[in-house]
Peer 1: 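Okay, here's the structure, questions in a sec.
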Amino acid sequence: MPAPLKIVSSMATRQVLAELVAAFEARTSLTATLEAVGGVDAAKRLRTDEVIDAVVLASDVIDKLTEEGRIVAGSRVDLVRSGVAVAVRAGAPRPDIRSEDAVRRTVLAARSLSYSTGPSGTHLARLFERWGIASAIASRLVLAPPGVPVGTLVAEGKVELGFQQLAELMHVEGIDVLGPLPPAIQVVTTFAAGVATTSRQPGAVREMLSFMASPAAAAVKRRRGMEPA
């Protein structure tokens, strides 16, 4: 019996991957374990030569790790696209986020706000700089520690306004998701998978990733707030 395939992913894809792993296991004799951590931590672990079979991270990170020789060249498989949404604590007033100007006003009016350390957070930091409000809101900004969902901070009342991938917010209890960022300022992250160079079962990993990228996986991805890549 082959050892379970070891998958390490960022937090953003943990729920969709858990369901896809279960579906894959039901179709084959293979098994897999999934560990979701902060994206930065996932990349660090790959660089330590830890025995990992597959990695699921933002596509640009997968490309960088491939260039570093940590992921098998040519093994990248795009899995999902994920956009950013906005949330407030359950029952709190629902500010307007229907336009870029509305989001800017909402951010300026918030007593505290938070975003994650991943691609969405990088986008928002640049957006606030472009709007010229970064310094004005700096003292109200609460950065979520790696691996801690922004939605949790919102639900606990630690921040008033939270920005994160819709897939990470939609299942958090105690918050209301206002909706996605408007198209003018939306950022869509493609999450991709790759075969780690430390994998001892690369053929099995490719089989799993092929299933995860297939049309058979599309319904799961949409149910989890993402779109097939």
Peer 1: If I compare all heavy atoms of Pro4 with all of Asp53, which pair ends up nearest, and what's the gap?
Peer 2: O-OD2, 4.0 Å
Peer 1: Spell out, yes or no, whether Val56 and Ile71 are grouped together once hydrophobic residues are joined by side-chain heavy atoms under 4.5 Å, including indirect joins.
Peer 2: no
Peer 1: Can you confirm whether Ser75 sits close enough to Arg206 that some side-chain heavy atom of one is under 4.5 Å from a side-chain heavy atom of the other?
Peer 2: yes
Peer 1: Do Leu57 and Leu209 belong together in a cluster built from hydrophobic side chains that touch within less than 4.5 Å?
Peer 2: no
Peer 1: So, for Leu166 and Val177, which heavy atoms are closest and what is the spacing to 0.1 Å?
Peer 2: CD1-CG1, 4.0 Å
Peer 1: Under 4.5 Å between side-chain heavy atoms, hopping through other hydrophobics if needed: is there a path connecting Val77 to Val220?
Peer 2: yes
Peer 1: Would you please test Arg70 and Asp49 for side chain to side chain contact (heavy atoms under 4.5 Å, CB included) and show each step?
Peer 2: CA-CA 8 Å; Arg70 302 296 180 176; Asp49 292 325; 2.5 Å; yes
Peer 1: Decide if atom CZ of Arg126 counts as having more than 12 heavy atoms of other residues, nucleotides or ligands within a radius under 6.0 Å.
Peer 2: no
Peer 1: Distance from Leu153 atom CG to Tyr115 atom OH, nearest 0.5 Å?
Peer 2: 13.5 Å
Peer 1: Taking side chain to side chain contact (heavy atoms under 4.5 Å, CB included) as the test, write out the residues that go with Thr28, two or more places apart.
Peer 2: Phe24, Leu30, Glu207
Peer 1: Is the shortest side-chain heavy-atom distance between Pro149 and Arg14 below 4.5 Å?
Peer 2: yes
Peer 1: Just verifying a value: how many Å separate Ile62 CD1 and Thr190 OG1, rounded to the nearest 0.5 Å?
Peer 2: 12.0 Å
Peer 1: Is any side-chain heavy atom of Leu46 less than 4.5 Å from a side-chain heavy atom of Glu68?
Peer 2: no
Peer 1: Ignoring hydrogens and angles, tell me if any N or O in the side chain of Thr106 forms a donor-acceptor pair with the backbone of Asp96 under 3.5 Å.
Peer 2: yes
Peer 1: Give the minimum heavy-atom separation between Met212 and Leu17, together with the two atoms involved.
Peer 2: SD-CD2, 4.0 Å
Peer 1: Of all heavy-atom pairs between Ala217 and Leu20, which one has the smallest distance, and what is that distance?
Peer 2: CB-CD2, 3.5 Å
Peer 1: Hey, are the side chains of Thr152 and Lys158 touching, using non-hydrogen atoms and a 4.5 Å cut-off?
Peer 2: no
Peer 1: Less than 4.5 Å apart, any side-chain heavy atom of Thr66 and any of Arg76?
Peer 2: no
Peer 1: Checking Pro182 now: which residues fulfil side chain to side chain contact (heavy atoms under 4.5 Å, CB included) with it, not counting sequence neighbours?
Peer 2: Val103, Ile185
Peer 1: How long is the span from the CG atom in Leu113 to the CG atom in Leu141, to the nearest 0.5 Å?
Peer 2: 5.0 Å
Peer 1: Using a cut-off of 6.0 Å, state whether more than 12 heavy atoms not belonging to Arg130 lie near its atom CZ.
Peer 2: yes
Peer 1: For the CG atom of Leu127 and the OG atom of Ser120, what is their distance to the nearest 0.5 Å?
Peer 2: 12.0 Å
Peer 1: What class does the angle between the rings of Phe163 and Phe128 fall in, given that below 30° is parallel, 30 to 60° is tilted and above 60° is perpendicular?
Peer 2: perpendicular
Peer 1: Any chance you could measure Gln201, atom CD, to Leu5, atom CG, to the nearest 0.5 Å?
Peer 2: 5.0 Å
Peer 1: Check this for me, if you would: do Glu100 and Arg104 make a salt bridge, where the nitrogen-to-carboxylate-oxygen distance has to be below 4.0 angstrom?
Peer 2: no
Peer 1: Val51: which other cluster members, linking ILVMFWY side chains closer than 4.5 Å, directly or transitively?
Peer 2: none
Peer 1: Can Ile97 be reached from Leu169 by stepping across I, L, V, M, F, W or Y side chains whose heavy atoms are under 4.5 Å apart?
Peer 2: no
Peer 1: So does Arg94 have more than 12 non-hydrogen atoms from other groups sitting under 6.0 Å from CZ?
Peer 2: yes
Peer 1: Taking all non-hydrogen atoms of both residues into account, name the closest pair between Val16 and Thr13 and its distance.
Peer 2: CG1-O, 3.3 Å
Peer 1: Please test Lys64 against Asp60 for side chain to side chain contact (heavy atoms under 4.5 Å, CB included), starting from the C-alpha separation and ending with a verdict.
Peer 2: CA-CA 6 Å; Lys64 181 172 177 56; Asp60 60 332; over 6 Å; no
Peer 1: Would you confirm whether Glu168, through its side chain, and Gly151, through its main-chain N or O, come within 3.5 Å as a donor-acceptor pair?
Peer 2: no
Peer 1: Check whether any side-chain N or O of Ser114 sits under 3.5 Å from a backbone N or O of Gly162 as a donor-acceptor pair, and report yes or no.
Peer 2: no
Peer 1: About how many Å separate CE of Met11 and CD of Gln164, when rounded to the nearest 0.5 Å?
Peer 2: 8.5 Å
Peer 1: Are any non-hydrogen side-chain atoms of Leu178 and Pro95 less than 4.5 angstrom apart?
Peer 2: yes
Peer 1: Kindly indicate whether the side chain of Lys6, heavy atoms from C-beta on, has any atom under 4.5 Å from the side chain of Glu50.
Peer 2: yes
Peer 1: Do Val150 and Leu181 share a hydrophobic cluster (ILVMFWY, side-chain heavy atoms under 4.5 Å, transitive)?
Peer 2: no
Peer 1: Check for a donor-acceptor pair, side chain of Lys221 on one end and backbone N or O of Leu79 on the other, with a separation under 3.5 Å.
Peer 2: yes
Peer 1: Under the side chain to side chain contact (heavy atoms under 4.5 Å, CB included) criterion, do Val84 and His123 qualify, and how do the steps go?
Peer 2: CA-CA 10 Å; Val84 176; His123 168 73; 5.6 Å; no
Peer 1: So do Met226 and Arg81 actually touch side chain to side chain, heavy atoms under 4.5 Å?
Peer 2: no
Peer 1: Might you point out which heavy atoms bring Asp176 and Gly91 nearest each other, and give the distance in Å?
Peer 2: OD2-N, 3.0 Å
